[in-house]
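So the structure is just underneath, and the comments pick up after that.
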Amino acid sequence: MAARSVDSARALGSAVAAMLLGCLLSACIAPSAPPYADDAEASKATLTTETVERRTFDTVLSLPGTVVSGMTFQVTAPASGGFVEHDDTLAVRLGSGRELPVGARARIERLLVEPGAEVVAGLPLAEAVHEGFALRAPVTGEDLLRLAASTEGLADLDVPGRAEGEVLGSSGPFACDLVDPVPSSADPALVQEGDSFLACAIPASVRVLTGMTGQLVVTLATHEDVLSLPLEAVAGTIDRARVSVREGDEIVEREVTLGGSNGYVVEIVDGLREGDEVLVPSPSLLE
């Protein structure tokens with residue numbers, strides 16, 4: 001599993017705080033309607049500036065979960081290629097001849113695709129059983145869309161998706177591997193509820209019991225050395241955002257293109273340069 005740039009406790013705390021702000025994992029930005037009753041009241045707002053600077057941060061998804069055992073789930077293709085079956089293992093053979101293992105940490109129960117078939121990354125290949133404790137978290141609505149945008153990147157990793165978990169009443173946060181990086185719906189109970197889920201294998205060193213609750217935090221992407229601003233400096237949506245830039249003695253409104261966010265800062269893909277000074281709050285609070 002890839003080395004983390006921050007410790008587990010900090011990552012979990014950041015993710016939960018971001019979720020409470022309603023901005024987790026998306027370019028969720030300031031509301032378009034100004035909160036001030038009139039221009040006079042708006043003029044009382046204290047304006048500051050933030051400098052566009054380079055940061056490294058993770059885009060994460062934080063989900064409430066439950067401890068389960070003997071969980072059934074789907075294993076998916078880690079990449080596009082030919083589906084092959086050996087005596088006791090499954091794999092996807094790439095065009096280069098290299099083979100990526102499938103479901104190495106689980107007991108395969110039933111194949112969903114015939115060996116020899118050409119498959120695409122993320123396609124369910126088999127039903128499997130995880131023999132041990134897992135932290136399982138339902139995934140619905142917007143979270144599924146966020147995962148869909150990152151599934152290709154997760155599935156192409158040689159290791160399962162990076163994740164961290166914490167179980168209430170047990171020891172502190174722990175690093176764990178997702179049993180599969182693509183949301184599964186193989187569990188009959190969750191199929192009836194219309195929910196998909198993600199799950200990570202709980203290390204044997206963590207003492208848990210079935211039914212305990214906790215939090216699963218999945219790292220979807222790492223944004224390294226990217227231009228960024230605090231969320232409160234940006235207004236609009238991920239498709240159309242704007243900022244107020246200080247240019248000498250003037251304040252100029254400028255449209256920007258956004259990237260990923262961790263709920264606190266957001267990547268600036270286009271529209272600003274490193275060192276630009278941007279007013280805070282965002283334009284929507286100044287109207």
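Considering all non-hydrogen atoms of both residues, Ala106 and Phe73 come closest at CB-CZ, 3.6 Å. Across Leu258 and Ala241, no two heavy atoms sit closer than the pair CD1-CB, 3.7 Å. Shown here for Val119 and Ala77, the closest heavy-atom pair between the two residues is CG2-CB, 3.9 Å. The heavy-atom pair separating Ala201 from His130 by the smallest distance is CB-CE1, 3.5 Å. Here the shortest heavy-atom pairing between Pro181 and Leu198 reads O-CD2, 3.9 Å. Heavy atoms only, all atoms of each residue included: Pro78 and Val92 are closest at CD-CG2, 3.7 Å.
Annotation: Glu274, atom CD; neighbour count of heavy atoms from other residues, nucleotides and ligands within 6.0 Å is above 12.
In summary, of the residues considered (Ile268, Leu279, Val234, Val280), a side-chain contact (heavy atoms from CB on, under 4.5 Å) with Val243 occurs for Val234 alone.
At distances below 3.5 Å, not a single donor-acceptor pair connects side-chain atoms of Thr210 with backbone N or O atoms of Val67. Side-chain N or O atoms of Ser196 include none that pairs as donor or acceptor with a backbone N or O of Val139 at under 3.5 Å.
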Note to self: As a quick check of understanding, evaluate side-chain contact (heavy atoms from CB on, under 4.5 Å) for Arg254 and Glu247, giving each step before the final call.
What the structure shows: CA-CA 11 Å; Arg254 191 181 300 174; Glu247 295 184 355; 2.4 Å; yes
Next item on the list: Go through the steps for Ser62 and Gln215 under the test side-chain hydrogen bond (donor to acceptor under 3.5 Å, both in side chains), then give the verdict.
Entry: CA-CA 7 Å; Ser62 181; Gln215 201 77 11; 2.9 Å; yes
Next item on the list: Go through the steps for Glu255 and Arg242 under the test salt bridge (Lys or Arg N to Asp or Glu O under 4.0 Å), then give the verdict.
Entry: CA-CA 4 Å; Glu255 289 197 356; Arg242 52 200 174 99; over 6 Å; no
Next item on the list: Please test Thr56 against His223 for side-chain hydrogen bond (donor to acceptor under 3.5 Å, both in side chains), starting from the C-alpha separation and ending with a verdict.
Entry: CA-CA 5 Å; Thr56 296; His223 306 270; over 6 Å; no
Notebook entry, point to check: Run the side-chain contact (heavy atoms from CB on, under 4.5 Å) check on Thr219 and Thr59 step by step: do they pass?
Noted result: CA-CA 6 Å; Thr219 299; Thr59 294; over 6 Å; no
Next item on the list: Would you check, one step at a time, whether the test side-chain contact (heavy atoms from CB on, under 4.5 Å) holds for Arg54 with Leu227?
Entry: CA-CA 4 Å; Arg54 294 188 176 277; Leu227 296 180; 3.8 Å; yes
Checklist line | side-chain contact (heavy atoms from CB on, under 4.5 Å) evaluation trace for Thr49 with Arg246 | finding: CA-CA 8 Å; Thr49 59; Arg246 185 185 297 279; 3.6 Å; yes
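Note: Leu220 CG to Asp58 CG = 9.5 Å, rounded to the nearest 0.5 Å. Atoms CG and SG, on Leu63 and Cys200 in that order, are 10.5 Å from each other to the nearest 0.5 Å. Distance check: Ile202 CD1 to Met212 CE gives 8.5 Å after rounding to the nearest 0.5 Å. Once rounded to the nearest 0.5 Å, the distance linking OG of Ser170 with CZ of Arg207 reads 8.5 Å. From Asp276, atom CG reaches atom CD of Glu50 across 13.0 Å, with rounding to the nearest 0.5 Å. Taken to the nearest 0.5 Å, the CG atom of Leu216 stands 11.5 Å off from the CZ atom of Phe197.
No side-chain heavy atom of Met71 sits less than 4.5 Å from a side-chain heavy atom of Val129. Side-chain contact between Phe83 and Leu123 is absent, with no heavy-atom pair separated by less than 4.5 Å. Looking at heavy atoms from C-beta onward, Pro173 lies out of side-chain contact with Glu164 at the 4.5 angstrom threshold. No side-chain heavy atom of Val278 sits less than 4.5 Å from a side-chain heavy atom of Ser244.
Applying the side chain to side chain contact (heavy atoms under 4.5 Å, CB included) rule to Val265 yields the partners Arg55, Phe57, Asn262; only residues at least two apart in sequence or on another chain are considered. Every residue two or more places apart in sequence or in another chain that forms a side chain to side chain contact (heavy atoms under 4.5 Å, CB included) with Ala126 is listed here: Val75, Leu90, Ile108, Leu111.
With salt bridges taken as basic N to acidic carboxylate O contacts below 4.0 Å, one links Arg110 and Glu127.
Note: the hydrophobic cluster containing Leu209 also contains Leu135 (ILVMFWY, side chain heavy atoms under 4.5 Å, direct or indirect links). Side-chain heavy atoms closer than 4.5 Å link hydrophobic residues (I, L, V, M, F, W, Y) into clusters, and following such links, possibly through other members, connects Val113 to Val120.
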